[in-house]
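To start, the structure under review is shown below, and the notes come after it.
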Amino acid sequence: MDCDRIALMASFEELLESWSGEQAVIHRDRESDGWIFICMHSTQLGPAAGGTRLKVYETPADGLRDAMRLSAGMTAKLAVADLGLGGGKAVLAVPAIPQGDERRALLHRYGDMVQSLGGGFLTSSDVGTGEADMDVIAERTEHVFGRSLAAGGAGDPGPFTAVGVFHGIKASLARSTGSSDLAGRTMLVQGAGSVGGALSELLGRAGATVLVADVDAQRAQTVAASIGGSSVDAGKAIGTECDVYAPCALGATLNLESVPKLRCRIVAGSANNQLAEPEAAELLRDAGILYAPDYVINAGGIINVSLELEPGGYDEAKAVGKIKNIFDALKSVFETARKRNITTHAAAQDVADAILAEGRAKKAGKPAAAARR
Ligand code: NAD
């Protein structure tokens with residue numbers, strides 16, 4: 001047992017050593033026989049913000065690794081979204097997903113931890129948690145967003161993520177064709193869930209021809225029928241001819257095998273981690289397919305819930321106005337990619353790095369332009 005413990009500590013140590021973040025809080029939660037990891041990757045632009053993932057991992061170190069990796073992704077995502085927030089992520093690594101009183105007690109203990117950080121870490125929902133959990137956490141800390149509408153929160157982020165993807169598709173069309181007009185364009189939406197369903201509706205209303213694919217064929221047909229579109233066999237989505245392929249289901253659909261099969265000019269959708277391997281970004285560029293980096297185009301949900309943190313509380317109209325900025329954020333990514341002759345994936349990181357450098361310079365009291373040199 002002691003040897004196991006030492007091995008575990010060594011691997012935590014290795015992970016912390018290799019991580020580029022600022023602060024990790026590690027708590028052994030004996031009551032649940034689990035672990036709580038809060039990773040604050042960057043506070044250059046503001047408090048570290050990110051979701052709370054509740055998940056069973058093979059080892060506690062896997063949970064810490066996930067929190068570290070995801071928190072770094074949040075730093076880039078929130079920098080480009082220009083919300084004055086840094087990147088963070090929390091993982092509640094449990095031996096089994098708790099329900100009822102046990103879940104509530106775990107969320108309360110976690111809420112106390114978030115509160116103890118004094119606003120340096122702000123959290124919302126992620127895989128395994130939802131708005132009801134955020135309401136419970138809010139019983140212990142004010143540093144939580146993504147609460148239910150009934151509790152004064154912003155509710156389901158899916159439709160707002162869809163609004164952001166909609167503006168992102170327009171920005172992508174403008175770059176690729178010279179016009180952001182959707183009329184007469186064919187869109188293939190893969191995944192007719194919370195984001196894909198709302199996105200299909202927005203695209204249909206804007207005059208696009210919408211094709212919907214979902215492993216739940218009935219769901220695809222229902223969404224397609226409601227907007228005068230058509231459904232497509234889920235297995236044939238990748239090879240279907242269209243102007244825009246919008247992956248709104250699973251991640252990793254863009255890999256060295258699938259990219260050559262694409263018959264579209266743009267990939268722009270909400271799914272997280274769309275590139276199975278970084279080389280897929282180069283393959284897309286070489287094939288003349290414009291890729292809207294996932295974490296730039298899918299920021300609508302986080303932009304929306306972050307409005308809960310404003311002094312006046314959540315305001316939907318204000319949120320929708322901010323989400324429109326995704327158009328300009330993508331425009332800037334595409335422009336950087338063109339100027340520097342790099343992939344849009346690499347350009348998104350460049351844009352995020354420039355914004356972070358500017359934030360660092362501001363903090364240090366140097367003129368912003370100096371940071372960009
Ligand atoms: P969801 O669970 O509501 O919907 C996903 C849909 O995809 C379901 O209808 C499911 O049947 C379908 N699906 C699953 N596998 C498929 C496949 N192989 N082919 C076709 N359809 C398939 O999820 P969501 O909230 O709409 O999120 C969609 C994606 O966007 C996810 O990758 C999610 O991580 C990402 N995302 C969502 C949000 C948000 O606000 N909900 C924000 C950022 C990113």
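Remember, it's 1-based here, ligands and their atoms both numbered in the order they're listed. Along the sequence shown, residues carry numbers from 1. Keep in mind it's a predicted model, so treat the numbers as computed, not measured.
When only modelled atom types and interatomic distance are considered, S148 and E131 share no side-chain donor-acceptor pair under 3.5 Å.
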Applying side-chain contact (heavy atoms from CB on, under 4.5 Å), run through K363 and T43 and close with a yes or a no.
CA-CA 11 Å; K363 258 189 173 177; T43 55; 4.3 Å; yes
Determine, stepwise, if the pair R65 / Y57 fulfils side-chain contact (heavy atoms from CB on, under 4.5 Å).
CA-CA 10 Å; R65 188 180 295 109; Y57 290 88; over 6 Å; no
Any chance you could lay out the salt bridge (Lys or Arg N to Asp or Glu O under 4.0 Å) test for D216 and R219, step after step, and finish with the verdict?
CA-CA 5 Å; D216 181 338; R219 190 177 291 172; 3.7 Å; yes
Any chance you could lay out the side-chain contact (heavy atoms from CB on, under 4.5 Å) test for I26 and L16, step after step, and finish with the verdict?
CA-CA 11 Å; I26 298 177; L16 288 163; 4.3 Å; yes
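When each of R147, R103, R140, R104 is paired with D133, the salt bridge (charged side-chain N to carboxylate O under 4.0 Å, His left out) condition holds for R103 and for no other.
Listed as neighbours of ligand 1 are P157, G158, T161, Q190, G191, A192, G193, S194, V195, A213, D214, V215, R219, C248, A249, L250, S270, A271, N272, N298, each bearing a heavy atom under 4.0 Å from the ligand.
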